[in-house]
Every structure is written in structure tokens, then in C-alpha cells.
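Beneath this line is the structure, given in C-alpha cells, with notes to follow.
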There are 2 protein chains.
Amino acid sequence: MPRVSQAHLDARRLQIVDAARARFASHGFARTSMADIVAESGLSNGAIYRYFTSKDEIVVAVCEQGTEALPNALTTEAVAGFLEHVRVRARDTDHARLVAQIYAEAAVSPQLAVIVRQQLAAGRAAIAELVPERRRAHAGQIAEAFVALCASYSQQIAIRGDVEPAPFVAALMAIIEG
Amino acid sequence: MPRVSQAHLDARRLQIVDAARARFASHGFARTSMADIVAESGLSNGAIYRYFTSKDEIVVAVCEQGTEALPNALTTEAVAGFLEHVRVRARDTDHARLVAQIYAEAAVSPQLAVIVRQQLAAGRAAIAELVPERRRAHAGQIAEAFVALCASYSQQIAIRGDVEPAPFVAALMAIIEG
DNA sequence: ATAAAAAGAGTGACCCCTCGCTTTACTTGA
DNA sequence: TCAAGTAAAGCGAGGGGTCACTCTTTTTAT
């Protein structure tokens, strides 16, 4: 299609990223071939390389939208609302698996580490805002433990296969409310 | 060398696993080729395949000895001693990176998931033993949060690059001692 | 009509593993 | 005591196959 709308281009790009994310979550980055992404997206090899110049670029795109969902852009929400958000995410086993892949790759790739680090920093800042007044002195420390707990719970879920976030949420509340 | 001692065979096997673990930690499983392991170990290609039938088998061997170090075989130690142990481990960035790789692979490979699951279960049981009498009712829940925190801290360290376990240890103490 | 977009067979590099050969430690018979 | 024999351990080049990426051709929206 020549001279298509920007909306069309955006949709195609998202179509590729969605397909890649699904495969990355279930099989990992390395075990996902470009052929897999081609098949999952329903597009062709050549079409994908029109939107991304390499597989690595697709990995970056997936990571950029992959970790933001956990603790981000929620400064106006209440603590309870955020916990519900975490609970829902925690039930999403595919998302947990994806996060596991992202952390592992970031541990090895400096480029990805920068991206993940930025998103974690934003998450910590948002959480620190949620800490009650009387504990504000320890806000940074609490945010640290909070993000750590979120991240690790994803790992746990991904490995265990079952999802029971109740004790997790209880632990979070204990940390936040003291 | 034919008819060598069992100690020799064990040493060779360990030599291979050590070489593989070093590479796996710094480059990840997929980005480590057999040629890398050959070079790092100082042995030859053929020699390695005399001890392991496949690269996957080496991965399994590394995982089996890779996660056990975190919370295991410490039932007789005091809480303080265990926390010191965690603190030392937490400073070992390579170990943190390795754990990230192991979790990611376990999230995708059922075979590895079984191994990691067993080791986590053993860790939880050991931690539950350390919980003070008055909080025994919540021992399971605490152990859950504890292991989660340990695991995630490894991820965090691997991604951030710097290592400052103080707030982490403080959070652990808060959970255990209430 | 035209130019962008999609298609998909092709390409070269890389990687895991095998296989035939060499080296070495131990045994044995005189 | 020792030389010949034996079998395990070590070696490394090559085969078979996969993968990321390219390039030419075809399609299609404007």
C-alpha cells in the first residue's frame, strides 16, 4: 500500500511488537526466531524489516513497553488502586514470564539495562509518593523494597506456574503501612 | 589419560561447569557458544562432550549448583549469620546476573522450572525455621516474601550495576522481626 | 500511473555436535 | 623389571542445519 496513513503505519508496528511480545514471553528472546515473529504477526519477512532494522530493535521496543506496565504512571491513584493493579498483573503469567526475560537480557546488555533502569527509577519515584506522611523519612527505602518485591514476584510466578498474589499483597501492605 | 581417578573426573567436570557458569553469567545462556566454553575451560570440544552429552545438560548442571547458594543448607545458622551470607552474595554481581539468567530460562523451560522450584521450596522451609516463635503462625507467608525479596534483589543488582544491600537487609529484618 | 509497501526465496555466517585419530595411564605376561 | 597391549581420555576439523538479514519481484492504495 503506497502513501498509507500514519495510523496504518502505527498499527502495523504495534502488530509486530504484539506478536513478538507473545513469542518472547512464551519462548524467550533467543529461542524466538524471526520466522516465529513473521508467523505470529501474519506479515511477511520483508514487511517486518521495513519497520525494524534488526531483531534487537524489536527486543528494545518490547522492553520499552514491557516493564512500564508494572509500577508507572499511577501517581494520582490511591494505594489500594495500585495494589489491585499489581494483583491483576500478577495473575498474568505471560507478563511475568516476559519480565523474567527482560531482566535477564538487561543483566547482560548495557543498552537494555539503561532502559530498564529508567523505568525502575520512575516506578520508585511513583511509589515513594504513595507512602503515608508519617513514614515519609523512609520513603526511598520502602520504594526500593516495593519494586524489588514486585519484580521478584513476577519471577516466582513465572517459575511456579500458579498465581496466588494474596501473601504478596499482604507483604506489600506490611511494608508500606509499617 | 585413561583409567584416571574419580577425583580427576570430578575435577574435570567441575572445570567445565565453572567455565560455563562464568560465561553464562556475563553473556547469558544463548549468547554463550560451545566454543566459548571450550576456550574458557582450556579443554577441547571433544573432551567436553565426553562429560556432557549436550549444551543443555551443561545448563542444567550450572542451574543445579547456581541457585542452591542463596537460601539453602543453613538451618543451624542464626538469622544474623544468614543475613550476612545474603549480603555477601548480594555483592557478587556475577552471581546476581547468573540468577537472572536462571530464572528467565526456568520461566520458559519446564525441565529447569522443576529444578528451580525444588530449590526454592527448600529455601522457604529453611527460612521458616528461622522465624521467631511469636510469629510462627505467619512463617510460611514470611518465607515467601523473604525468598521473593532475595531473588528480586539479585535482579535489581544485575540491572543497576551497583551494589548497596543495606536497605535490602533492613527490609528483610523488618519482615522477619515484625 | 506510480511509488510505496508487502512478499518470500535466497545468502552467508554461525553454531552444535560427531567422528576418526592421537595420546596417555594402567595392565599383563614373561 | 619392562615391553607390549589395551582402553579410556583428549583432540579438532568438518557436517548438517538454523538463523538473521537482503534483494528482487509482485501487489496495491492513491
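By convention in this document, chain letters (A, B, ...) are assigned in the order of the sequence lines, proteins followed by strands, and residues within each chain are numbered from 1. Heavy atoms only: backbone and side chains are in, while hydrogens, waters and symmetry mates are out.
- Interatomic distance, B:Q111 CD to B:D56 CG, rounded to the nearest 0.5 Å: 7.0 Å.
- Near DNA chain C, meaning a heavy atom under 4.0 Å from it, residues 40-51 of chain A has A:L43, A:S44, A:N45, A:G46, A:A47, A:R50, A:Y51 in order of number.
- The interatomic distance linking B:L9 (CG) with D:dA8 (P) rounds to 12 Å, in whole Å.
- Scored by the side-chain contact (heavy atoms from CB on, under 4.5 Å) test, B:T53 finds B:E57 as partners (sequence neighbours excluded).
- Looking only at distances, no side-chain donor or acceptor of A:D18 sits under 3.5 Å from a matching main-chain atom of A:Q15.
- Here D:dC19 presents its P atom at 11 Å from CZ of A:R23, a figure rounded to the nearest Å.
- In the hydrophobic cluster analysis, where Ile, Leu, Val, Met, Phe, Trp and Tyr join through side-chain heavy atoms closer than 4.5 angstrom, B:L14 is grouped apart from B:F24.
- What separates CD1 of A:I58 from C1' of D:dC21 is a distance of 11 Å, to the nearest Å.
- As a whole-Å value, the separation of B:R12 CZ from C:dT24 P is 12 Å.
- Within 4.0 Å of A:T53, counting heavy atoms only, lies no atom of the nucleic acid at all.
- Just one of B:D36, B:I48, B:V17 meets the side chain to side chain contact (heavy atoms under 4.5 Å, CB included) condition when paired with B:S41; it is B:I48.
- Atom CD of A:Q6 is separated from atom P of C:dA5 by 10 Å (rounded to the nearest Å).
- Between B:C63 atom SG and B:E105 atom CD the span is 7.5 Å, to the nearest 0.5 Å.
- No engagement by A:S5 is indicated, since no non-hydrogen atom pair under 4.0 Å with the nucleic acid exists.
- For B:M34, the side-chain atoms get nearest to C:dC16 when compared with the rest of C:dC16, D:dA20, D:dA9.
- Regarding B:R13, its CZ atom lies at a distance of 16 Å from the C1' atom of D:dA9, rounded to whole Å.
- For A:R97 (side chain) and B:V108 (main-chain N/O), no donor-acceptor pair under 3.5 Å exists by modelled atom type.
- For C:dA6, one of the phosphate oxygens OP1 or OP2 lies less than 4.0 angstrom from a side-chain nitrogen or oxygen of A:H8.
- Here C:dC15 presents its P atom at 15 Å from CZ of A:R31, a figure rounded to the nearest Å.
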